[in-house]
Amino acid sequence: MELTQIVLTSLFVSTTATLIASIISLIIGIPFSINRFKYKNNILRITDTLMSIPPVLMGLVVFMLLSKKGPLGHYNLLFTPTAMILAQTLLVLPIIFNLIVKQIQHSAVKIQKTCIMLGGRSFDILILIIKECKNEIITAITTGFSRAISEVGAVIMVGGNIKGYTRVMTTYIALETNKGNFEGAIKIGIILLLISFGINTLLHLLKGRDTNEYIY
């Protein structure tokens, strides 16, 4: 029963965080890709840096925001799944955003020009770019989800690893390892790998087969 609760909490937190980060990345990333402005390269350098931010540092930032003395302290979100979702969203957002922008920007500009020539509106351009760049977008989302579900530093800081409430697979593994229960840690580790493999396989199936995959 406890393992089921842990697995479900892990999936809920990681999937929700990835979904929120993906929606934000698409809404911001596509216009960012097709427009030129002064500080575009500087923003990309910042997101490049944030892609490798240590999870414990992100956990510290979210902890300070949600602590009693922080600006969001009155919401009492610390040590809740909501805090864990917030930390994971901030952690994977620069990854998904950066990968989407870098992988679609050349194609997106061409699609935008074609769509404008055919009389398309802004919404039509957005939808067409998502359809034509589906594989690149799914690859970015898959990478973000992999980072989210395997993350331990940030969620243990803001979630507290509370049994039956905020305990997830990665924090369970850390706890059981510290207790010397390697059998239990390996067991949940295998489940984590299988779930991650299954979800990644599903996302890759959505991409469809690359027609150039076996040419070279």
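Both backbone and side-chain heavy atoms feed into the values below; hydrogens, waters and symmetry mates do not. Numbers for residues simply follow the sequence, beginning at 1.
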For residues 59-70, please give each side-chain donor-acceptor pair under 3.5 Å, one per line with the distance, not counting sequence neighbours.
from  : atom 1 : to    : atom 2 : distance (Å)
Ser67 : OG     : Met64 : O      : 3.1
Lys68 : NZ     : Asn76 : OD1    : 2.6

Checklist entry - Is there a donor-acceptor contact under 3.5 Å from the side chain of Thr16 to the main chain of Val13? => result no
Item to check | Sidechain-backbone polar pair: Ser107 side chain, Ile104 backbone, donor-acceptor under 3.5 Å | outcome: no
Do [X] and [Y] share a hydrophobic cluster, counting only Ile, Leu, Val, Met, Phe, Trp and Tyr and linking them when any side-chain heavy atoms are less than 4.5 Å apart?
X: Ile6; Y: Leu11; answer: yes
X: Ile127; Y: Ile30; answer: no
X: Ile199; Y: Leu3; answer: yes
X: Leu90; Y: Ile28; answer: yes
X: Ile46; Y: Met58; answer: yes

Item to check | Asn35 to Pro31 - nearest heavy-atom pair and separation | outcome: ND2-O, 2.7 Å
Next on the checklist: If I compare all heavy atoms of Leu128 with all of Cys115, which pair ends up nearest, and what's the gap?
Outcome noted: CD2-SG, 4.2 Å
Rounded distance (nearest 0.5 Å) linking atom [atom1] of [X] with atom [atom2] of [Y]:
X: Thr114; Y: Glu132; atom1: OG1; atom2: CD; value: 9.5 Å
X: Ile23; Y: Thr89; atom1: CD1; atom2: OG1; value: 10.5 Å
X: Tyr75; Y: Thr82; atom1: OH; atom2: OG1; value: 12.5 Å
X: Ile141; Y: Leu26; atom1: CD1; atom2: CG; value: 6.0 Å
X: Ile188; Y: Leu193; atom1: CD1; atom2: CG; value: 11.0 Å
X: Ser33; Y: Gln105; atom1: OG; atom2: CD; value: 6.0 Å

Taking salt bridge (charged side-chain N to carboxylate O under 4.0 Å, His left out) as the test, write out the residues that go with [X], two or more places apart.
X: Glu176; result: Lys179
X: Glu2; result: Arg167
X: Arg121; result: Asp124

Checklist entry - Mind checking who shares a hydrophobic cluster with Ile186, ILVMFWY linked at side-chain heavy-atom distances under 4.5 Å? => result Ile190, Leu194
Checklist entry - Other than Leu175, which residues form its hydrophobic cluster under the rule that side-chain heavy atoms must be closer than 4.5 Å? => result none
Item to check | With sequence neighbours excluded, residues passing side-chain contact (heavy atoms from CB on, under 4.5 Å) with Ile116 | outcome: Gln112, Ile125
Checklist outcome for this item: Sorted by chain and number, sequence neighbours left out, side-chain contact (heavy atoms from CB on, under 4.5 Å) with Lys113 holds for Val109
Given side chains that start at C-beta, do those of [X] and [Y] come closer than 4.5 Å, heavy atoms only?
X: Val168; Y: Tyr172; value: no
X: Ile195; Y: Met169; value: yes
X: Phe12; Y: Leu8; value: no
X: Phe79; Y: Thr166; value: no
X: Gln88; Y: Ser14; value: yes

Considering residues, nucleotides and ligands other than [X], do more than 12 of their heavy atoms fall under 6.0 Å from its [atom1]?
X: Lys40; atom1: NZ; result: yes
X: His106; atom1: NE2; result: no
X: Phe37; atom1: CZ; result: yes

Just list the side-chain donor-acceptor pairs under 3.5 Å for residues 145-157, sequence neighbours left out, or say none.
from   : atom 1 : to     : atom 2 : distance (Å)
Ser146 : OG     : Thr142 : O      : 2.9
Ser146 : OG     : Asn200 : OD1    : 3.4
Arg147 : NH1    : Met51  : O      : 3.3
Arg147 : NH2    : Ile53  : O      : 3.2
Ser150 : OG     : Ser146 : O      : 2.7
Ser150 : OG     : Arg147 : O      : 3.4
Glu151 : OE1    : Val155 : N      : 3.3
Glu151 : OE2    : Gly153 : N      : 2.7
Glu151 : OE2    : Ala154 : N      : 2.4

Checklist entry - Which residues satisfy the side-chain hydrogen bond (donor to acceptor under 3.5 Å, both in side chains) test with Asn42, sequence neighbours excluded? => result Arg45
Item to check | Which residues share a side-chain hydrogen bond (donor to acceptor under 3.5 Å, both in side chains) with Gln5, sequence neighbours left out | outcome: Thr9
Taking distance alone, no hydrogens or angles, what donor-acceptor pairs closer than 3.5 Å link side-chain atoms of residues 91-102 to residues at least two apart or in another chain?
from   : atom 1 : to     : atom 2 : distance (Å)
Asn98  : OD1    : Lys102 : NZ     : 3.4
Asn98  : ND2    : Thr47  : OG1    : 2.7
Asn98  : ND2    : Asp48  : OD1    : 2.9
Lys102 : NZ     : Asp48  : OD1    : 2.7
Lys102 : NZ     : Asp48  : OD2    : 3.1

Item to check | side-chain contact (heavy atoms from CB on, under 4.5 Å) partner of Cys133, chosen from Ile130, Ile129, Asn135 | outcome: Ile129
